[in-house]
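Here's the structure we're looking at; comments come further down.
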Amino acid sequence: MEPLVCPAPFLKPYDPNEQEAGILELWEKSGYANPDVCVEKGVIKADAEAYSIVLPPPNVTGTLHMGHAAMLAIQDILIRYHRMRGLRTLWLPGTDSAAIATQSKVETDIYKKEKKTRHDLGREELLKRIDAFTDESKKIIIEQVKKMGSSLDWSRYAYTMDEKRYAAVMEAFVRMYEAGLIYRGDRIVNWDPKLQTTVSDDEIEWVEQTTSFYYLKYGPFTIGTARPETKFGDKYVVMHPDDARYKEYTDGQKIQLEWINGPITATVVKDAAVDMEFGTGVMTITPWHDLADFDIAERHKLDKERVIDDRGLLLPIAGEFEGQHIKKARPLIVEKMAAKGLIERVDEKYVNRIATNSRGGGIIEPQIKRQWFVGVDRPFGTPQGKMTLKEWMRAVVEQGEIKIAPERFEKIYFHWINNLRDWCISRQIWFGHRIPAWHHEPRCIPKPGRESDVEKCIPIIVSIEKPTCQFCDAQYEQDPDVLDTWFSSGLWTFSTLGWPFDYAQGKPKPGSDLATYHPTSVLETGYDILFFWVARMVLMSGFLLGQVPFRNVYLHGLVRDGQGRKMSKSLGNIIDPLDMIKKYGADATRLSLIIGAAPGTDLKLSEDRVRGYKHFANKLWNITRFVLENSEDKYGHGVSIFPEDKKLVEEAEVVAKEVSGNIDNFRLDLAADRLYHYVWDRFAAEIIEESKPIFKAGGEAAASRSATLYALLTTSLTLLHPFMPFVTEAIWQQLPKKENDMLMVAKWPTS
RNA sequence: GCGCGGUUAGCUCAAUUGGUAGAGCGCGUCUUUGACGUAGACGAGGCAGCAGGUUCGAAACCUGCACCGCGCACCA
């Protein structure tokens, strides 16, 4: 007898390329990635519990890399699983403008092609060019994200620089300013002389460099430095108050001594920050260009003198070296010091840490600058009473309102908070959210008859709209700076869900996305941006909504090459996810990034792994062929299931429970591994093999077994769907009997 | 310097929280039997970095050491 079910689609090996585009189209047409559609079509109840993830928006500068692929695979698994479990599930996509990185890239491109700088082009033209670039980039990255099978709700797509997000950023800034959390002040910041902008502490990358370390004669003392070119203004000599070697010197004591450019008066300062064990236990300070020195100067109210300008050129304080670049001046200065007998000895092999801008900039030169800051030690009102941003960030994790997985990252998070300084949020670039502060420039030109009110003019106003002056005709000019890209990223969980539009009287409007989906369920990202982003979201959400932004943080590891090296162009070891999709399919690519990837642990990926999982997709395909060829129809209808077959079904239920449990605990690796082995080693290798003689014998046992295999197949497909959505959906579409015409919204086997 | 990971088969990594070690790839032999040769069957291969300790029992827990990686840090 011929099988009643046509196995034609299964005659060839599984070819992902042949199937994936069609499946993507099917999903897209269904609209099921949008929870509203799911509710409309009745696959999810309107009052179902919500489950939401906001996609960490990929930068528009790049194309999809394996890190993105891993992130997409993990989140899509969580999303598909919860959707199948009947939760009102939203996965919200977006892209990120990546301010500095993007501007820097476009500027470089323009300079290469046209030999023009941004100043040649002007602000408006540069922004136009950047927009053109990002529009193109966005399309590319979105297409690539889709190819991974990501069931994102594109109807809610957001871009960090679109109108709604712009409005959210402005609103946030103004509110924080009014609450006193944002202030403008002169503080030491990380200055990038190459990009001519400040950079936040977290964007700095420390590079080790072997340099010379000089021991200099400073009056009766010996001081050490790796940077002699900064020492012109050093007029304080600092030592530990308990250092017995220097007890003859008293705090505030003046000492005359010969220095680089002649005699100076130095002042003794006693401060416990000095490490008695290091060097001679004595140091001089350069408060304008060193963070630690700045702090000491602040504590003792000392003078701060600037030595180096924004471009890295020495100022008049350097005397004959004025106008020279620090790099070129150093040997000359050393030479002069040596000639004056100020150099006692030199350590040639000193390993120094150099701060560089990880966003493609230059070597950081600390500078004191007037910038905008978020004060992390300033109290504000929260649902738990008054606390500072730091306290809030610590409290919500300590109290378990936010759970971080793997747990060890909580320690790292606390450690970071303890060392957190006020966050410099202004950047001197053009691409980004412009600061809504308005300066009264030029100075007042009084209105006729209001001359006496000139004093009342407010020099700086923070507001979204351009203000006008009541007393004079001068115009307010907007602050030229833009905000750190992480400022807007910090709003991401709620700016994408309708804040501030759907927020009034201190709460979200009922029925709005903000009310339904915030706090989000999970924030899933690489551990490398725990501080940049995760902590900033906690901060912003705490102040602006009095809420946590997410209940769980799940951190995945970095994807490295087969030998554990970072993937990079220069090493030529990049595995391109799009290549892998083309060669082995999106399902195989996904599995290779999931199985064996323990949470928070780096994953070493080789092409062999991906190939291995392509075989698995094929296995599933062939299992299906066998099951359909031996379909129940062949052996008669209305079968009763034999006890040994019932056992098989129960066994599958146990697997389903284990898989669910592992997903709930973010152990996707274990869940996928369990399924892999169940399907291959148990279902295919044992159950199917056992079934062959049963089918040969025919009769009721065969009918029972046939129905059972079919049930095991559909259960396996369902369980595997979050992990390998394409091949499972492709098979599902060919099945003669199924409860739901789309596996994407089929019911998960456990409740 | 402080802190956190890691060290298991030739390679890359697991083992759901103490019960005589597993997978993928690679390797060897066999098999074209009613899904699958992108396969199947069978097999070789690990005294678990080192030294101690706890335990009836440890890869897992404790101590120390070594090496690798990472995070943080005001050694000027």
Side-chain angles (χ1 to χ4, degrees), chain A residues 7 10-15 188 201-202 206 213-214 216 223-227 230-231 234 237-239 271-286 290-296 350-353 366 406 408-409 411-416 418-419 421 527-528 530-531 557-558 560-565 584 588 591-592 595-598 600-630 658 661-662 665 667 669-671 673-674 676-677 680-681 684-685 688-689 691-693 695-696 709:
Chain A
F10 296 101
L11 281 180
K12 291 188 294 180
Y14 177 62
D15 179 2
I188 192 156
D201 294 346
D202 298 293
W206 294 93
F213 190 83
Y214 302 91
L216 306 177
I223 58 157
T225 187
R227 302 198 58 194
T230 64
K231 295 278 147 192
D234 287 21
V237 57
V238 192
M239 58 210 72
D271 192 288
V274 177
D275 181 356
M276 287 189 271
E277 308 292 315
F278 184 79
T280 56
V282 180
M283 66 180 197
T284 61
I285 57 169
T286 313
D290 186 283
L291 187 124
D293 296 357
F294 178 86
D295 284 349
I296 293 173
Y350 178 73
V351 181
N352 200 19
R353 293 195 322 152
R408 66 190 156 90
F409 284 100
K411 262 191 198 168
I412 299 175
Y413 173 86
F414 290 132
H415 188 70
W416 178 81
N418 292 340
N419 288 301
R421 300 167 69 94
Y527 63 74
D528 52 331
L530 177 64
F531 308 137
L558 273 33
R560 298 173 175 279
D561 78 354
Q563 282 122 57
R565 299 173 305 179
Y584 308 111
L591 270 192
S592 73
I595 296 182
T601 305
D602 291 352
L603 174 74
K604 289 176 193 160
L605 182 74
S606 61
E607 200 169 325
D608 281 345
R609 283 171 60 89
V610 190
R611 193 185 310 123
Y613 294 117
K614 184 185 180 182
H615 297 174
F616 181 57
N618 191 49
K619 192 77 187 172
L620 197 59
W621 192 253
N622 290 316
I623 289 171
T624 307
R625 181 186 308 143
F626 179 83
V627 173
L628 292 190
E629 278 175 0
N630 292 288
E658 285 177 24
N662 279 323
N665 292 322
R667 291 308 303 263
D669 54 326
L670 298 181
D673 195 55
R674 183 76 179 93
Y676 178 90
H677 288 108
W680 201 313
D681 301 339
I688 284 184
E689 288 306 321
S691 304
K692 286 175 184 172
F695 289 138
K696 202 167 185 180
L709 287 190

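Hydrogens, waters and symmetry mates are skipped; everything else that's a heavy atom, side chains included, is used. Sequence lines set the chain letters: A, B, ... in the order given, protein chains first and strands last, and positions in each chain run from 1. The structure displayed is predicted, hence computed values, not measured ones.
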Report, one pair per line, the protein and nucleotides 37-43 of chain B atoms (nitrogen or oxygen only) whose separation is under 3.5 Å.
unit_1, atom_1, unit_2, atom_2, d
B:rA39, OP1, A:His615, ND1, 2.7
B:rA39, O3', A:Lys619, NZ, 3.4
B:rG40, OP1, A:Lys619, NZ, 3.3
B:rG40, OP1, A:Trp680, NE1, 2.4

Inset, instruction - Starting from the 5' end of RNA chain B, give me the residue, A:Phe695 or A:Arg611, whose nearest nucleotide shows up first. - result: A:Arg611
Legend entry - Closest-nucleotide 5' rank along RNA chain B - winner of A:Val627 and A:Tyr613: A:Tyr613
Looking for any heavy atom pair under 4.0 Å, which part of the strands does [X] touch: base, sugar-phosphate only, or nothing?
X        : value
A:Gly281 : base
A:Ala617 : nothing
A:Phe409 : nothing

Legend entry - Strand RNA chain B as a dot-bracket string - pairs counted if Watson-Crick or G-U with both distances under 3.5 Å, | where the partner lies in another strand: (((((((..((((.....[..)))).(((((.......))))).....(((((..]....))))))))))))....
Distance, [atom1] atom - from [M] to [N], rounded to whole angstrom:
N      : M      : atom1 : value
B:rA59 : B:rG3  : P     : 28 Å
B:rG49 : B:rU32 : P     : 43 Å
B:rC47 : B:rC56 : P     : 27 Å
B:rC65 : B:rC72 : C1'   : 24 Å

Inset, instruction - Please answer whether the main-chain N or O of A:Lys614 pairs with a side-chain N or O of A:Asn618 as donor and acceptor at a distance below 3.5 Å. - result: no
Inset, instruction - Spell out, as yes or no, whether a donor-acceptor pair under 3.5 Å connects the side chain of A:Asn665 to the backbone of A:Arg667. - result: no
Apply side chain to side chain contact (heavy atoms under 4.5 Å, CB included) to [X] and list each qualifying residue two or more places apart in sequence or on a separate chain.
X        : value
A:Leu216 : A:Tyr214, A:Ile223, A:Thr225, A:Trp259, A:Met337, A:Ile343
A:His677 : A:Asp673, A:Asp681
A:Ala684 : A:Lys619, A:Ile623
A:Arg611 : A:Tyr584, A:Asp608, A:His615

Sequence neighbours left out, what passes side-chain hydrogen bond (donor to acceptor under 3.5 Å, both in side chains) with [X]? Give chain and number order.
X        : answer
A:Asp290 : none
A:Thr286 : A:Asp234
A:Asn418 : A:Arg394
A:Asn622 : A:Arg625

Inset, instruction - Measure across A:Lys692 and A:Glu689 and return the closest heavy-atom pair with its distance rounded to 0.1 Å. - result: NZ-OE2, 3.0 Å
Inset, instruction - Taking all non-hydrogen atoms of both residues into account, name the closest pair between A:Gly557 and A:Tyr527 and its distance. - result: CA-CE2, 3.7 Å
The side chain of [X] is closest to which nucleotide in this list: [options]?
X        : options                : answer
A:Ala292 : B:rA15, B:rC74, B:rA76 : B:rC74
A:Tyr676 : B:rC36, B:rA76, B:rG24 : B:rG24
A:Leu670 : B:rG24, B:rA14, B:rA35 : B:rA14

Just how far, in rounded Å, is [atom2] of [N] from [atom1] of [X]?
X        : N      : atom1 : atom2 : result
A:His677 : B:rU16 : NE2   : C1'   : 15 Å
A:Arg674 : B:rG24 : CZ    : P     : 15 Å
A:Met239 : B:rC75 : CE    : C1'   : 17 Å
A:Ile595 : B:rA15 : CD1   : P     : 13 Å
A:Arg421 : B:rA73 : CZ    : C1'   : 12 Å
A:Asn630 : B:rA35 : CG    : C1'   : 8 Å
A:Leu620 : B:rA35 : CG    : C1'   : 12 Å
A:Asp275 : B:rC75 : CG    : C1'   : 6 Å

Sort me out a list of protein N/O and nucleotides 69-72 of chain B N/O pairs below 3.5 Å, or just none if empty.
unit_1, atom_1, unit_2, atom_2, d
B:rC72, O2', A:His415, NE2, 2.7
B:rC72, O2', A:Asn419, ND2, 3.4

Inset, instruction - Compare side-chain N and O positions of A:Lys692 against OP1 and OP2 of B:rU33 and report whether any pair is under 4.0 Å apart. - result: no
Legend entry - Side-chain N or O of A:Arg667 closer than 4.0 Å to phosphate OP1/OP2 of B:rU17: no
Inset, instruction - For A:Tyr413, enumerate each residue passing the ring-ring contact (aromatic ring centres under 6.0 Å, His included) test, keeping only those at least two apart in sequence or located in another chain. - result: none
